[in-house]
Structure formats: C-alpha cells, structure tokens
Amino acid sequence: METEIQTQSKLNIHPDVKAKVESKKWFYTDTVKDHFFNPRNLLINDEEGEQYSKNADAIGMVGSPACGDALKLWLKIDKNIDKIMDCKFQTFGCASAIASTSMLSVMVTENDGMKIDDALKLKPQDIIARLGNLPSRKFHCSVLGDKALRSAINDYFRRSNQNNRIVVEGARIIDPETKTTDKDIEEAVLEGALNLEDIQKKLKVGISNKAVIPAVEELIRFYKEKYFG
Amino acid sequence: MKEIYLDNAATTKLREEVKQEMLNYFDVVYGNPGSFHGKGLEAKNAVEDARERVAKLINAKSREITFTAGGTESINLALKGLAKAMKDKGNHIITSRAEHHAVLNTCEYLEKYECCEVTYLEVDKYGMVNPSDVESAIKPNTILITIMYANNEIGTINPMAEIGTIARKHNIYFHTDACQAAGYCDLDTEKLNVDMMTLNGSKVYGPKGTGILYAKTGIQLVPLVHGGGQERNLRSGTENVPGIMGFAKALELAQTEREYEFNKLTKLRDKLVNGILESVSKTFLNGHPTQRLPNNANVSILDIEGEALTLYLNEYDIYTSTGSACTSQTLDPSHVVLATGLPYEAAHGSIRFTLGKETTEDDIEKVLEVLPGIVKTLRQISPVNVAVEHIVEARSKK
Ligand SMILES: Cc1ncc(COP(=O)(O)O)c(C=O)c1O
Ligand code: FES
C-alpha cells in the first residue's frame, strides 16, 4: 500500500483528472476505496460501542447532518506520556469522509500512538497524502476529521484541567494568498454574504487560488447552517 | 456480475434499431444537406423526412421542428430566443423551483444579462406545480411560462393541459421541457396546449447530443448560433444527419411503445418501491405517489448519506444516482428534493433508481436483496438518528 501511495503522488496531474484516469470503475484511489469499504476503528452502535463511548477520555463532534456531514470521534489518552492510545469514530458522510476519518484514526494511533502536540499539527493535507489524493471538491471531507480531532483534544484538555492548552478554534488560514481565515468567512456570513459570489466580493478569497474554493464553500455552508439554520 | 443499470433518467442505452438506422448516414448518405447536388439532396431529403415524422408524432407541422444538440440547447433557444425577440413586449417569465438546471440556470442568466424578471413557483410536497399558482403569477409583462412535463429527479408529472389552458386564456406562450416524459407520456402538442416543447434523444434510447425544439408557427425566436442559416436560420451549422435520423427513429419507437412500457415498468417500479419501504425502516418515497413516471423510484433513507450508498451499490454493479450533497459540485442536496419540503438531513439520504427497457424482475430482486444489508452497515457507523416524525412534520407544512 505504501509504495502505491508513493508512486501515485508522483503523478503531478489535477486530482480530479487523476481520480478518473486511475479508476476503471471507481472514482477514488485504491486506498480510499479500501478505507471506505473497511473503515478502521469504527464505533459500532451497539452495547460495546456504548461502553467505549462512556470510557473514552475525550469526544469530538463536528458538522451537522443538516448540512450533509456529521462526525463523532472518541479518544483514549495516556495522560502520563501525553499520547493518543486509541481512537474510534462514526460518520454520516460520503465515501471521502469515511475514508479520511478512518485514515486519520490510523495515523493518530499507529506506532504506539501519537503525541498530542503532534496530533494538533496534523493537517487535512497529511490525511489526503496518505490516501493517495482526493478529488479537489472532496477536500472538505478530510477537513471534517481534522476538526473533530481538534475538538476531541480540546475536550480532553478541558476534562483534565489543562485549560491553558485549549486551542481556540478559528483563525485558521484558508487561503494563503489573501490571508483569509475561517473567522473572516464566519463574519462575512454573519454580515449576510451567503454564497460564494458574495463572499468573494467581500473577501476576494479563492479568486486567483481556485483550489481553496471547496473549503470556502464548506465553511459558508457550515456557518450559514449554524446561524441561519 | 451482471450490470444492473438503474440510471435511465441520466441517459439510456442506444437501441439496436436506432443504431442500425444511423449507420447508413455516416458513410453512405454522407452529403451535406445544404449542398446543391445529388449527394446533398439525398441527405436533405432524409432530414426533411425525419422532421416530418417527428412533427407527426407530436401533432405539429414540420416547419415547427428545429433539430438541436440536445435538451439543454433546445431550452436555451426557447428561453433566450423568446426573451430577446419579445424584449419590447415584456420581460417576465414564470417557472418552478423543481426544474432542471438547464431551465433554472438559463433563467438566472436572463435575470442577470437580459433584464428579465423570473418568478420561481413553489411546488407542493410531491414536487408538483399548482396551475392556480401559475395563474396568480401572471403579470402584464409576462411573456413565457416554462414548466417541465415530468421531473427528472423525482418523476412527478405536472398537470400540463391545465397549465396550457391557463397560458392560452391569458395569451402567454407556454414552453415545456419534456425530456423525461417522451418515453411514457402523450406528446400531442394540441392536447397539451403547449407552444414550445423540448425533447432529447438521449432519454429515449436514441443518440446523445440530439434533440428538438418545437415552436408553434408565429413564435419569433432570436437564434443563439449564427452562421450558414440552417434550420430556417434558427440554428446554423451543418446538420448532424446521423443524429437527426437516430433521434427520429428513437422517438418513433418510444412513442409507439410508450403504453406498453408504462404498464410494464410501473409493475417493476412498484415492486422496487414497496420492497424498499417494507424491508428498510425509516424510508419514504419522494415525488407523487401516482402522477409519476413509471420508471422512477426516488426514496429517502434516513441517517445515511446518498453517495456512500451509491458507491456500495456500485460494488454490486448496480448503477444508481443520488441527489446528495456529495455528488454535486455545489455540495448542496438536490434542489428538487429540498423544494418538496424535505429537510436537509433527509434530502442527503435520497437515492434515485430509474428503470428502463432492459430492467428485469431479477434486477429488482437483486437490489432488494443487497440494499437492506448496505443500509444496515451504513447506519451502524452513523452518529445520526433522525426522528421520522420530524421529517413527516416538516413535509406536512408544505
Ligand atoms: C428534464 C431534463 N431537461 C433537460 C435535460 C438536458 O438534456 P441534455 O443533456 O440532452 O442537454 C435533461 C437531461 O439531462 C433532463 O432530464
Ligand atoms: S462529506 Fe460531503 S462531500 Fe464528503
């Protein structure tokens, strides 16, 4: 699997094209397919799952089914070494959302677990690289897992009285060219810019850097739902 | 594994008879219908014969038929062409929220660049347009009513003749997008009271990229494509002769067989819908229970997301479609399903099966065999648990 990912990432073509070229009957890479059909670390809705959820050290939740995605993530953490020991998740989302969260859960638990500080540095791009790429409009699906992880880690900080370590959400740069952050988008939505066109008029986000548009659209949708539901 | 193609609303497989009909026009009758010699005349005669046959099928005159490159082009020609031609008489268009994007985005263009004013009528909980809403939306500057015959996503058939009667009473042109209806419904333009009608070949086992716009004698349209003046100057460019011949043949066969197909597919479709509603909990049918296309089964399956379901079915070589967020560029769920009053969370779990000529009882049984297991798997990993009552309540407000 590893070698395959490597050869794939050497192909420097547009991800949408690539997904098409490489699939005969499939739209995503083999790794995505594998994680979609055999998600790792799922929390199943049964007695055992309920028990796990009760004993978890942290829970993170993002999105809402109303806007198409919802994701819940549980962590078990070893306090003494500040490492994630175990991770489980559930998702209402598309194939990319399922696969990227599955991959994320593998990444934070492999090799005896990931240090919390390293987990906080994880980026959606890291997950995408491990998946051997996603079509660009599916980018936001991997953002979800990343957010759920952050929210779970904050939950852990809260529960373990480490409030000084809590990372305040937001102010994440979405478009490096215009230095637009998710907070900017949130504010613009609150000011009534409810679609990409209006957001772009206000913030110029994604006009030259079109690759960020899916992420911007996801944020617009998210905040729209949050405030105007 | 046998491929089970249940996406006939997206496009259909070319029929053997149609393919055979077309072959002759690639390399035997290959002339340009505009040429002034025997080879050209041969092609011209073929095209005119096709035009006459198509006209007869929809109870129109052959000069009222314009061959185009499909449904989208016909709709663009009807809407933009009329708006431009009638600029001095009015600028208001009435349509509905459940139309195909070919209509909605053309209307948006007209609002933006041609100073048109568009009323987007709400539809009822089945996705149907209420004729009295059409009547109340009419204004002194209304120039066109454009309402689809049958919906491509949820299959609901609109009350064409009633809307047509209203349009006629107020002396306003009425266009209908009949792309999905052509295989199953009566296309008699007199009975329907329509002034313009869009049809395409791709939905009736004909070639892709073919279609017509019917426009009643007397209607002025400004062409979109300028050049050599073909198609009575309405659509320049050398005619797609094999496509035109294939389209005419396909429409002929579709209209001849439509009642037989309607009855056959209704039975299969009902078996599928009832099977799903019985074997999978928290599911319901989208679209009208009876006034619907016989080949369309659109169901919402709560707590799961449509794309994941579609991809699981794909593993069994069962091809379906979803209006879910995740498949569209905008990531919004189907505008049609939302227009019927379904909340977002239910719209995301909608899946469309559209049957066709080759669909068999075994195919339906196969779907019913695998679907419950897939839904169970996806629900096991879903953090969502929507109350059915919530959905029912949201819908009843419609
Ligand atoms: C109702 C309806 N209108 C218009 C179209 C567009 O037709 P075409 O793809 O031939 O341009 C389609 C098919 O996609 C359709 O289903
Ligand atoms: S979760 Fe919506 S597109 Fe992936």
Side-chain angles (χ1 to χ4, degrees), chain A residues 16 23 25-28 32-33 36-39 41-46 49 53 59 61-74 88-99 101-102 135-141 148 195-197 213-214 217-218 220-222 224-225 229, chain B residues 1 3 5 108 112 282 300-319 321-334 337-338 342-351 373-387 390-391 394:
Chain A
D16 277 335
S23 66
K25 283 201 160 185
W26 191 256
F27 306 93
Y28 301 115
V32 174
K33 183 172 177 179
F36 170 57
F37 284 114
N38 308 294
N41 304 310
L42 269 180
L43 188 118
I44 306 289
N45 283 322
D46 60 9
S53 155
I59 302 179
M61 171 110 188
V62 288
S64 86
C67 58
D69 359 83
L71 212 149
K72 222 170 176 175
L73 192 132
W74 292 261
K88 285 206 189 298
F89 76 97
Q90 288 196 330
T91 181
F92 168 98
C94 70
S96 315
I98 295 174
T101 318
S102 166
S136 57
R137 73 194 167 88
K138 291 290 186 178
F139 191 83
H140 78 286
C141 320
N195 55 47
L196 183 65
E197 205 178 353
I213 287 178
E217 284 181 323
E218 199 261 336
I220 298 173
R221 213 157 48 87
F222 178 80
K224 210 162 89 181
E225 186 62 33
Chain B
M1 230 181 316
E3 289 193 339
Y5 183 77
E108 205 173 289
K112 214 164 165 180
K282 297 172 82 173
S300 275
I301 304 182
L302 296 186
D303 302 339
I304 64 172
E305 195 278 324
E307 190 208 71
L309 181 56
T310 304
L311 289 176
Y312 263 96
L313 287 168
N314 182 59
E315 279 307 285
Y316 293 94
D317 287 346
I318 297 171
Y319 305 134
S321 126
T322 168
S324 161
C326 301
T327 52
S328 65
Q329 288 295 339
T330 59
L331 304 171
D332 271 333
S334 151
V337 177
L338 288 178
L342 265 202
Y344 272 68
E345 49 269 50
H348 278 289
S350 72
I351 179 163
I374 298 174
V375 173
K376 187 162 171 237
T377 306
L378 288 170
R379 278 186 179 158
Q380 266 181 341
I381 66 169
S382 169
V384 177
N385 193 350
V386 178
H390 166 61
I391 309 296

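None of these values were measured; they are calculated from a predicted model. Protein chains get the first letters and strands the later ones, always in sequence-line order, with residue 1 at the start of each.
Note that CE of A/Met61 is 14.0 Å distant from CZ of A/Phe89, once rounded to the nearest 0.5 Å.
Residue contact with chain A, scored on non-hydrogen atoms closer than 4.5 Å, is absent for B/Asn385. Residue B/Pro343: no heavy atom, backbone or side chain, is found under 4.5 Å from chain A. Of the atoms belonging to B/Ile381, heavy atoms from both backbone and side chain fall under 4.5 Å from chain A.
For B/Ser382 (side chain) and B/Leu378 (main-chain N/O), no donor-acceptor pair under 3.5 Å exists by modelled atom type.
Within the 4.5 Å cutoff, side-chain heavy atoms of B/Ile374 are placed close to those of B/Leu309. Residues A/Ile98 and B/Glu307 are not in side-chain contact: their nearest non-hydrogen atoms beyond the backbone lie 4.5 Å or more apart.
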